Amino acid sequence: MIASAPLPSASPMRVSRLLLVTLRDDPAEAEIPSHRLLLRAGYIRRVSSGIYAYLPLLWRVLQKIAAIVREEMNAIGALETLLPQLQPAELWRRSGRWAGYTAGEGIMFHLEDRQGREMGLGPTHEEVITDLAADLIRSYRQLPVCLYQIQTKFRDEIRPRFGLMRGREFIMKDAYSFHADEACLRSTYEAMDSAYRRIFERCGLRAVAVEADSGAIGGSASQEFMVTAEAGEDLVLSSPDGRYGANQERAVSLPADPVPLEISECRELSTPGTASIEALCSGHGFDPTQTVKVLLLLARFADGGLQPLLVSLRGDQQLNEVKLANAVATRQPPCGGLLDITPLTAEQVEAEGLKPLPFGFVGPHLEDAVLKGARRWQPRFLRLADPTAVDLQRFVCGANATDSHLAGAAWGELTPAPEAVDLRAAQPGDRCLHDPFQRLEAARGIEVGHIFQLGRKYSEALDARFTTEGGVEEALWMGCYGIGVSRLAQAAVEQHHDGAGIRWPVAIAPFELLIVIASAQDPLQVSLAEQLYERLTAAGVEVLLDDRDERAGVKFKDADLIGIPWRLVVGRGAAEGRVEVVERAVGERRDLEVDAAVADLTAAISRQRSRRPGV
RNA sequence: CGGGAUGUAGCGCAGCUUGGUAGCGCACUUCGUUCGGGACGAAGGGGCCGCAGGUUCGAAUCCUGUCAUCCCGACCA
């Protein structure tokens, strides 16, 4: 797939010739409105789980989005290119991502060619582009440079979902920038940030930029662009004043102040059957902020390493697994990459040949000795704690013996305080760091774009170097920038629809205007509609003509469903030279003289059509 | 992968409990009447009841296996 073919020319586009198949009933497979509507209105068909055919109407939408993306990328000096989808494993081994992307919950489709060479179907293109950069870029004089492509990506998603929202094959714009220094990277990152804002705005989407986790891509700063919608898969936390917004994976906040614990020395507390924080607090009159809960987990690494984790959190806090994974990954770099982290189970402990652990009564002082003799695990815990736990003077925690807790324990006395790392999940209602009088609000969002400052992670791994002005060889600074083009199309539907169907923004609608012939039996209506088709097309409007010999009601229903933003009905007023103009999003109907209708439509549509400012 | 559910005509579904050789609505074809918000009547076409075994005289229906799809969790544009 290459999203670069020109839109069909001004040759008459007739619904009768469009292979338009709309469905009256909702397909059972679709859950969210945008998925249902795209299927019902004849925009997509499912071929396999997470794999869709983009039918002619949607293809026009995708090309319009691609055109806007292209304009904005070109405007900031990015160069369009097209990279291979089939990529050699060797390249991915060099970046250290082959195992992580293919083993375990790996997301890369991979295969062997007839020679037995391993290949992967590109889920992303950092490796290919960096290798090319290494080949092409020799000197600082060639920098900075930014390449992008609009390309089909393949990801063997653990769970494809919601039509185009999370497909296994999808269209993405990805851009990669190369720089001689970090300051230059930052300025391209800023330029991308504003280009992205323009792209989403021009596409008619309400999108917000939020701080994000860099995930498997890696790198330092990263920002996501979220289209706000109920059906969004991500939770965005933001401050009412608009100064802070972050994906919950990444969000930070001020925790509630703990209730002081009025116990001056540590004593044991009999707590039969009290294995949860709630039970402990309600049974013994503690506040959750006075407790420390200990989570035992197991980190699995690409090299086969298994590292037990002992994580301490204040009892009222929730673990943010993304933050934990990042903390673990940076502390155990030589293990070939972190595959996953899962809670430790009693069965696993037994399988290691270890004595049972007092799950539900574990305290932070659990000794490494309990791991002695483990078959495959590292024999010591990686100990991490959230600052909310480390900051407690006295606290209640498990006594490492079933049915027993400690009250009044203190770090130092009990066990040395573990390394403090931010591991807690910020929650809606938490106070904001920048202003404690602001409280975080939650909203759901669809991630349609993500920009990263990668730094030198890939250039170092793939040895992509250039010669500086001073004649020294250095690794390139890199950024990467993605937009889910097909996802964006569906996100637009999610944000712009009503009970009757889609309401495309003009800028990305498959057509700008639909001319409906109320009665295809009436030669007068037909000829007036054909004339209007010619005139409006000549005036530069993208027109679709519904010339089907259907009852008017059927055509109106289909018109609402497929959601073309403007509708011109040639009906019983045709003899008097009057037609009806309807704006889909507003629903208001106006009865106009033909000339007035043409003037009105061309003016309104060109006003709504998104153009680059100044072009 | 773990948990839940579903596979019957292009789409939505019934039939399965209690085995007897498949039905409804929409869509499709033809004819007639209708004709500005998913018309009506008549006549048609379309199904290896997901697939493979088994039980039985006989299986859409019971049993076993398998595949696929969807939903809830970890992943991401």
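The analysis underlying the following values was restricted to heavy atoms, covering all of them including side chains, and did not include hydrogens, waters or symmetry mates. Because the structure is predicted, anything quoted here is derived from the model rather than measured. Sequence lines set the chain letters: A, B, ... in the order given, protein chains first and strands last, and positions in each chain run from 1.
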- Message: Could you check whether atom CD of E593(A) has more than 12 heavy atoms from other residues, nucleotides or ligands sitting under 6.0 Å from it?
- Response: yes
- Using a strict 4.0 Å threshold on nitrogen-to-oxygen distance, state whether E580(A) and R590(A) make a salt bridge. no
- Query: Using purine N1 to pyrimidine N3 plus N6-O4 or O6-N4 for Watson-Crick, or N1-O2 and O6-N3 for G-U wobble, each under 3.5 Å, what pairs with rC13(B)?
  - Reply: rG23(B)
- Item | Inter-nucleotide P distance (rG10(B), rC1(B)), Å rounded | 30 Å
- Using the rule for Phe, Tyr, His and the six-membered ring of Trp, do F556(A) and rG38(B) stack at under 5.5 Å and under 30°? no
- Message: By nearest atom, which of the nucleotides rA74(B), rG37(B), rU69(B) is closest to the S49(A) side chain?
- Response: rU69(B)
- Message: What's the closest nucleotide to the side chain of D558(A) if the choices are rG37(B), rU69(B), rG38(B)?
- Response: rG38(B)
Below 3.5 Å is the cut-off: list the nitrogen or oxygen pairs between protein and nucleotides 33-35 of chain B, distance only.
| from | atom 1 | to | atom 2 | distance (Å) |
| --- | --- | --- | --- | --- |
| rU34(B) | O2 | R551(A) | NH1 | 2.6 |

- When the C1' atoms of rC40(B) and rG25(B) are considered, how many whole Å apart are they? 16 Å
- Query: Between the side chains of H35(A) and Y52(A), is a donor N or O closer than 3.5 angstrom to an acceptor N or O?
  - Reply: yes
- Task: Using a 4.0 Å heavy-atom cut-off across all strands, classify V448(A) as base, sugar-phosphate, or nothing.
- Result: sugar-phosphate
- NA contact type, R589(A), heavy-atom cut-off 4.0 Å: base, sugar-phosphate, or nothing? base
- Message: Considering every strand and a 4.0 Å limit on heavy-atom distances, what is the contact class for E580(A): base, sugar-phosphate, or nothing?
- Response: base
- Message: Using every non-hydrogen atom in the two residues, find where T81(A) and Q149(A) come nearest and quote the distance to one decimal.
- Response: O-CB, 3.1 Å
- Message: Is it the case that over 12 heavy atoms from other parts of the model lie below 6.0 angstrom from the CD atom of E29(A)?
- Response: yes
- Task: Report the nucleotide, chosen from rC75(B), rG38(B), rC76(B), that has the shortest atom-to-atom distance to any side-chain atom of R161(A).
- Result: rC75(B)
- Task: Describe the nucleic acid contact of G571(A) in one word from base, sugar-phosphate, nothing, applying a heavy-atom distance below 4.0 Å.
- Result: base
- Message: Check this for me: does the side-chain of R567(A) come within 3.5 Å of the base of rG37(B) through a donor and an acceptor?
- Response: yes
- Note on the structure: Applying the 3.5 Å cut-off to both distances, the Watson-Crick or G-U partner of rA74(B) turns out to be none
All N/O contacts under 3.5 Å from nucleotides 6-12 of chain B to the protein, with atom names and distances to one decimal?
| from | atom 1 | to | atom 2 | distance (Å) |
| --- | --- | --- | --- | --- |
| rG12(B) | OP1 | A28(A) | N | 2.7 |

- Do you see a donor-acceptor pair shorter than 3.5 Å between the side chains of N247(A) and E211(A)? no
- Query: Considering only side-chain heavy atoms of E447(A), which listed nucleotide, rA77(B), rG36(B), rU69(B), is closest?
  - Reply: rA77(B)
- P-based separation of rG65(B) from rU29(B) [nearest Å]: 45 Å
- Have a look at G501(A) and say if it touches a base, only the backbone sugar-phosphate, or nothing, with a 4.0 Å heavy-atom cut-off. nothing
- When we call it a touch if two heavy atoms are under 4.0 Å apart, what does R548(A) touch: a base, just sugar-phosphate, or nothing? nothing
- Query: Taking the same atom, P, in rG12(B) and in rC71(B), what whole-Å distance lies between them?
  - Reply: 14 Å
- Message: When both hydrogen-bonding distances must be under 3.5 Å and the geometry is Watson-Crick or G-U wobble, what is rU66(B) paired with, if anything?
- Response: rG50(B)
- Does NZ or CZ of R60(A) lie under 6.0 Å from the centre of the six-membered ring of F511(A), at an angle within 45° of the ring axis? yes
- Within the structure shown, what part of the strands sits under 4.0 Å from V569(A) by heavy-atom distance: base, sugar-phosphate, or nothing? base
- Which is true for Y196(A) with a 4.0 Å heavy-atom rule: it touches a base, it touches only sugar-phosphate, or it touches nothing? nothing
- Pairing nucleotide - rA39(B), Watson-Crick or G-U, each distance under 3.5 Å: rU33(B)
- For residues Y176(A) and Y148(A), establish whether the separation of their ring centroids is below 6.0 Å. no
- Given rG38(B), rC70(B), rA77(B), which nucleotide is nearest the side-chain atoms of H450(A)? rA77(B)
- Task: Please state whether the rings of H110(A) and W98(A) are parallel, tilted or perpendicular, taking 30° and 60° as the class boundaries.
- Result: perpendicular
- Selected nucleotide, minimal atom distance to R46(A) side chain, candidates rA77(B), rU69(B), rG37(B): rU69(B)
- Query: Any donor-acceptor pair under 3.5 Å between the side chain of R578(A) and the base of rG36(B)?
  - Reply: no
- Task: Using heavy atoms to find the nearest nucleotide of RNA chain B for P160(A) and E321(A) separately, return the residue whose nucleotide is more 5′.
- Result: P160(A)
- Message: Partner lookup for rA60(B), please. Criteria are Watson-Crick or G-U wobble with both distances under 3.5 angstrom; report none if nothing qualifies.
- Response: none
- Task: Could you give the distance separating rA22(B) and rU61(B) at their C1' atoms, to the nearest angstrom?
- Result: 11 Å
- Task: Select from G50(A) and G484(A) the residue whose nearest nucleotide in RNA chain B is closer to the 5' end of that strand.
- Result: G50(A)
- Which of the following nucleotides, rA39(B), rC72(B), rG37(B), is nearest to the side chain of R159(A)? rC72(B)
- Query: Are more than 12 heavy atoms from other residues, nucleotides or ligands located less than 6.0 Å from atom CD of E583(A)?
  - Reply: yes
- Between rC72(B), rG37(B), rC75(B), which one does the side chain of F162(A) approach most closely? rC72(B)
- Can you tell me how far P of rC75(B) sits from CG of L324(A), to the nearest Å? 11 Å
- Can a side chain N or O of S48(A) be found less than 4.0 Å away from OP1 or OP2 on rU69(B)? yes
- Message: Can you tell me which nucleotide in rC76(B), rG38(B), rG37(B) comes closest to the side chain of R155(A)?
- Response: rC76(B)
- What integer distance in Å separates D213(A):CG from rC76(B):P? 8 Å
- Message: Both distances below 3.5 Å, Watson-Crick or wobble geometry, any strand: find the nucleotide opposite rC28(B).
- Response: rG44(B)
- Message: Tell me if the CD atom of E233(A) is crowded by more than 12 foreign heavy atoms within 6.0 Å.
- Response: yes
- Message: Strictly below 4.0 Å, N to O, side chains only: are R166(A) and E157(A) in salt-bridge contact?
- Response: yes
- Message: Give me the atom names and distance for the closest heavy-atom approach of L58(A) to A489(A).
- Response: CD1-CB, 4.3 Å
